[in-house]
Amino acid sequence: MCAAAEPSRQAGFSLVEVLCALAIAAAAIAVLSSASTAALRSARALDMHLGARIVLQSILTDELAAATTQPDVREGESGPYRWRLDIAPTRDGTDAALPPPFRMYRLSASVGWGGGGSVSASVLKLVR
């Protein structure tokens with residue numbers, strides 16, 4: 001048999017195969033980019049939440065360590081966070097069981113940030 005008698009066949013991909021490969025690659029890129037965007041958004045929300053919890057803990061720790069405590073409402077800002085601290089005597093009857101020089105206060109703090117997120121906590125403080 002002669003080599004010239006065989007039909008020549010070129011090596012390579014057809015246009016349909018190339019277009020199918022590009023469509024699959026485009027779909028994979030779309031899925032991966034939306035997943036990475038969602039992951040970045042979740043990481044940012046978690047970062048803001050953890051930062052707010054640190055501010056909240058700091059506000060309550062400072063007030064618990066304060067030498068004097070009086071009923072008050074305080075508000076302020078710390079970076080991107082807005083906070084509020086309410087100090088009020090307890091009203092649930094626990095003061096009646098305390099010896100006269102002692103008072104019980106409820107410290108309620110909340111910290112919020114843009115996007116509608118917020119965290120809050122309450123603690124009791126016994127004051128002499």
Side-chain angles (χ1 to χ4, degrees):
M1 245 206 245
C2 181
E6 290 183 18
S8 71
R9 223 171 129 87
Q10 288 184 322
F13 299 103
S14 70
L15 180 60
V16 173
E17 292 171 331
V18 171
L19 290 176
C20 286
L22 287 175
I24 291 170
I29 289 171
V31 168
L32 291 175
S33 68
S34 68
S36 65
T37 302
L40 287 173
R41 193 175 305 121
S42 295
R44 171 114 173 106
L46 179 61
D47 185 48
M48 293 300 288
H49 182 81
L50 291 176
R53 288 190 55 139
I54 290 170
V55 171
L56 180 71
Q57 183 177 359
S58 174
I59 291 166
L60 290 174
T61 300
D62 288 348
E63 186 56 39
L64 285 171
T68 61
T69 299
Q70 295 296 322
D72 196 6
V73 175
R74 298 184 199 146
E75 294 180 339
E77 292 184 9
S78 178
Y81 304 104
R82 296 172 317 280
W83 58 268
R84 177 183 171 106
L85 174 65
D86 294 315
I87 304 169
T90 57
R91 306 249 186 254
D92 57 5
T94 54
D95 278 350
L98 295 173
F102 291 98
R103 299 279 323 214
M104 181 85 67
Y105 290 94
R106 178 175 303 279
L107 312 176
S108 299
S110 62
V111 178
W113 62 92
S118 67
V119 293
S120 59
S122 290
V123 295
L124 294 175
K125 180 177 181 179
L126 183 62
V127 178
R128 182 176 194 170

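Because the structure is predicted, anything quoted here is derived from the model rather than measured.
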ask   = Which residue pairs pass the side chain to side chain donor-acceptor pair (under 3.5 Å) test with at least one member in residues 44-62, sequence neighbours excluded?
value = none
request  = Please tell me if the side chains of Leu85 and Glu63 come closer than 4.5 Å, counting only heavy atoms from C-beta onward.
outcome  = yes
query = Can you list the residues that meet the salt bridge (Lys or Arg N to Asp or Glu O under 4.0 Å) rule with Glu77, with sequence neighbours excluded?
reply = none
query = Does any non-hydrogen side-chain atom of Arg82 lie less than 4.5 Å from one of Val111?
reply = no
ask   = Taking all atoms of both residues into account, what is the closest heavy-atom pair of Ser33 and Ser36, and its distance?
value = O-OG, 3.0 Å
ask   = Would Leu124 and Thr90 satisfy side chain to side chain contact (heavy atoms under 4.5 Å, CB included), going step by step from the backbone distance to the final call?
value = CA-CA 8 Å; Leu124 294 175; Thr90 57; 3.7 Å; yes
request  = Kindly state each residue pair satisfying side chain to side chain donor-acceptor pair (under 3.5 Å) with at least one member in residues 118-128, sequence neighbours excluded.
outcome  = Thr69-Lys125, Ser108-Ser122
ask   = What distance do Ile24 atom CD1 and Leu19 atom CG have between them, rounded to the nearest 0.5 Å?
value = 11.5 Å
task = Output, in order, the C-alpha distance, side-chain angles, deciding distance and verdict of side chain to side chain contact (heavy atoms under 4.5 Å, CB included) for Gln70 and Ile87.
result = CA-CA 7 Å; Gln70 295 296 322; Ile87 304 169; over 6 Å; no
ask   = Taking atom CD1 of Ile29 and atom OG of Ser34, what is their separation to the nearest 0.5 Å?
value = 12.0 Å
ask   = Should Val127 and Phe102 count as side-chain neighbours, where that means a heavy-atom distance under 4.5 Å?
value = no
query = Quick one: does Pro80's side chain get under 4.5 Å of Met48's, heavy atoms only?
reply = yes
key: Atom pair OH/CD1 of Tyr81 and Ile59 - distance to nearest 0.5 Å   = 11.5 Å
query = Side chains of Leu64 and Leu107: does their closest heavy-atom pair fall under 4.5 Å?
reply = yes
message = Let me confirm one number: the OG-CG distance from Ser78 to Leu56, rounded to the nearest 0.5 Å.
response = 11.5 Å
ask   = Do the non-hydrogen side-chain atoms of Trp83 and Ser110 ever get within less than 4.5 Å of each other?
value = no
query = For Leu98 and Arg103, what are the C-alpha separation, side-chain angles and deciding distance, and is it a side chain to side chain contact (heavy atoms under 4.5 Å, CB included)?
reply = CA-CA 7 Å; Leu98 295 173; Arg103 299 279 323 214; 5.9 Å; no
